[in-house]
Participant: 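Just passing along the structure, written as structure tokens.
Throughout, a chain's letter reflects where its sequence line sits, starting with A, and its residues are numbered from 1. These values consider heavy atoms only, across backbone and side chains, with no hydrogens, waters or symmetry-generated copies.
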Amino acid sequence: MTSPGGSTGAAAASTPVISVRRLGVSLGGLPILREVDVTVNPGQIVALLGGNGSGKTTLLRAILNLIGHQAGTIELFGQPQAHFHGWARIGYVPQKATIGLHATTLSEVVHTGTLAYRHGGVRGLTTLLHHRRNAQVVDQALTQVGLTAQAKELFTHLSGGQQQRGLIARALAQQPDVLVLDEPFAGVDQTHQHSVAHSLATFRDRGGAVLVVLHETEMMAEFIDTAVVLREGRVIHHGALPPQTSHHHGHESEPTHRPVGLITGIESPWPA
Amino acid sequence: MSFLALAFMQRALLAAALAGLASPAIGTYIVQRRLSLLGDGLGHVAIAGVGLALMTGTAPLPLAVIVCVVGAVLIEFLRQRGRASGDIGLAIMFYGGLAAGVLMASVAGQGAGGLQAYLFGSLVTVSTFDLGVVVALTGLVLIIALGFSPQLFAVCADEDYATTLGLPVRLYNFTIVILAAITVTTAMRTVGLLLVSALMVIPVAAAQNVFRGFFRGLAGAMGIGLVVAVSGVIVSYYANLAPGATIVLLSITVFALSWPVASLTHRRRTRRIDDPDPVPLPHQIAPDDHARHGHGPGCGHVMVEHGDHIDYIHHGHRHAQHGDHYDEH
């Protein structure tokens, strides 16, 4: 079983996986993010919460260098983003709705994750020569998300939840130290949300870090270590989820459903 | 097999076989990126190169390759800039290429008729020099398109994800359009510039109907392309038809034949993939306003088939009978 390279436990002592300081991002002249601070440590699940247009996805894309930033700093594994080359260590799981993977099997989709690591410094043609090793990694990743039986199915024939887990498997095939996910529950029915949440919890329990954009904390609440709440591009909360929604509440307890409207309400429900 | 004794037929067959292999190979990436008409546009741009060659009295093939590659780089540059004007820019480039080609051909005293062999293909025009260029360039296209297939596939399937992997996405995007430009131009003698785009797209569509997965589809499309290109040349020799048109109509025939095969395999496939949800749906009882109204055929509520039972749409909810009460589904 692949396990993330990050150290287990002693999270506070080690270098943050992601460290964002006073980040400012403008898109088309419009300020989207202002003075944003976010820290993700190894072995942590950090949830990025906020309403539509609060800047959650923009923050994710800025961290991944898919868009540039105008102010502040982004450090990845202690290195400035501009000088960071270990992109294989960051497993990106986009919203499944944004991808058109037609005429492609699940196995082929997951295989693209193995392109992340270099074999002896060369990528190019040598990827084909490492097919057997890559196939093992893909098989492990599919096992971790419980989709081994669907490997040869067309990606577009899978259910929403299976597609989402497939994209998580693709990121796991990178053998990453951190997973970065954009609304992994969007368009996934409730029954499959559980399995997605457990895939993330398993990854965290093996020492990996997780940064996940959520629309609502339902399903994930019991796994979230730190919640970062954005409103209009600013961080309005950085810390634990309130007691009634954070830890040690099983499925059988009171509903953990927390609509976004409440999170982003004018009167903050968060403890000072 | 008397046609094999003719030198021009040997050259035409080899050139067609290479076009039949390379066009669907690069076409698979272009279809994956949903740019199916890119090849058509590049064909138009290449016409300007042919016109320029006719006007200056140089060999058409090398000049057409150069002009088409330059056009392809411009097109990809426009696409990456993502400007709203990119679409208009493409249209201007495509029709500008066609118009400039025709204009330069008429300056050369040949008119549009002089271009015809390049637009629709012509078996007797493949010279030994042309064949050398075609073999070299198509070889290059195939080596890159197959050798870097995992990377090119990753970029075409999900550009953002490929970027986060640290892949040189811009370089691969330029590679794809340049390879497409080379393929379009090298196929102009056999299939023709106006028809080669069909050979990039139709075998791919047929193969994706029959074979499951990107790489099987890639191999299948190359196989179909090879068969229709070679048989198209042979048929056009015996029936005295335009080779490009014959090849394209043959590939459309293969595509039509792929439908019944596809629907058969699809039916088998969907039955197998139909796995039940691992966790049962929460059992939620509908509010008890059903004492006065039991759902049944003809109760006035819309009936929806749901697995092994019928749901009734009731005030925006789906109700299903369960013993003495109704469940929300």
Participant: Within a 6.0 Å radius of atom CZ on B:F77, are there more than 12 heavy atoms belonging to other residues, nucleotides or ligands?
Facilitator: no
Participant: Locate the shortest heavy-atom distance separating A:W87 from B:T164; write the atom from each residue and the value.
Facilitator: CB-O, 3.2 Å
Participant: Strictly distance-based, threshold 3.5 Å: is any side-chain N or O of A:E108 a donor or acceptor partner for the main-chain N or O of B:F215?
Facilitator: yes
Participant: Which residues pass the ring pair (Phe, Tyr, Trp, His ring centres under 6.0 Å) test with B:Y161, sequence neighbours left out?
Facilitator: none
Participant: Locate the shortest heavy-atom distance separating B:L165 from A:G113; write the atom from each residue and the value.
Facilitator: CD2-O, 4.2 Å
Participant: Identify each donor-acceptor pair in which a side-chain atom of residues 219-227 of chain B lies under 3.5 Å from a protein atom, sequence neighbours left out, and give them as a table.
Facilitator:
none

Participant: Specify the closest pair of heavy atoms between A:L154 and B:G213, including all atoms of both residues, with the distance to one decimal.
Facilitator: CD2-N, 3.8 Å
Participant: For the atom pair CG (A:L66) and OG1 (B:T163), what is the distance rounded to the nearest 0.5 Å?
Facilitator: 6.0 Å
Participant: For a 4.5 angstrom cut-off between non-hydrogen side-chain atoms, does A:R170 reach B:D158?
Facilitator: yes
Participant: Distance check, rounded to the nearest 0.5 Å: B:D160 atom CG versus A:I67 atom CD1?
Facilitator: 10.5 Å
Participant: What distance separates B:R34 CZ from A:H102 NE2, expressed to the nearest 0.5 Å?
Facilitator: 4.5 Å
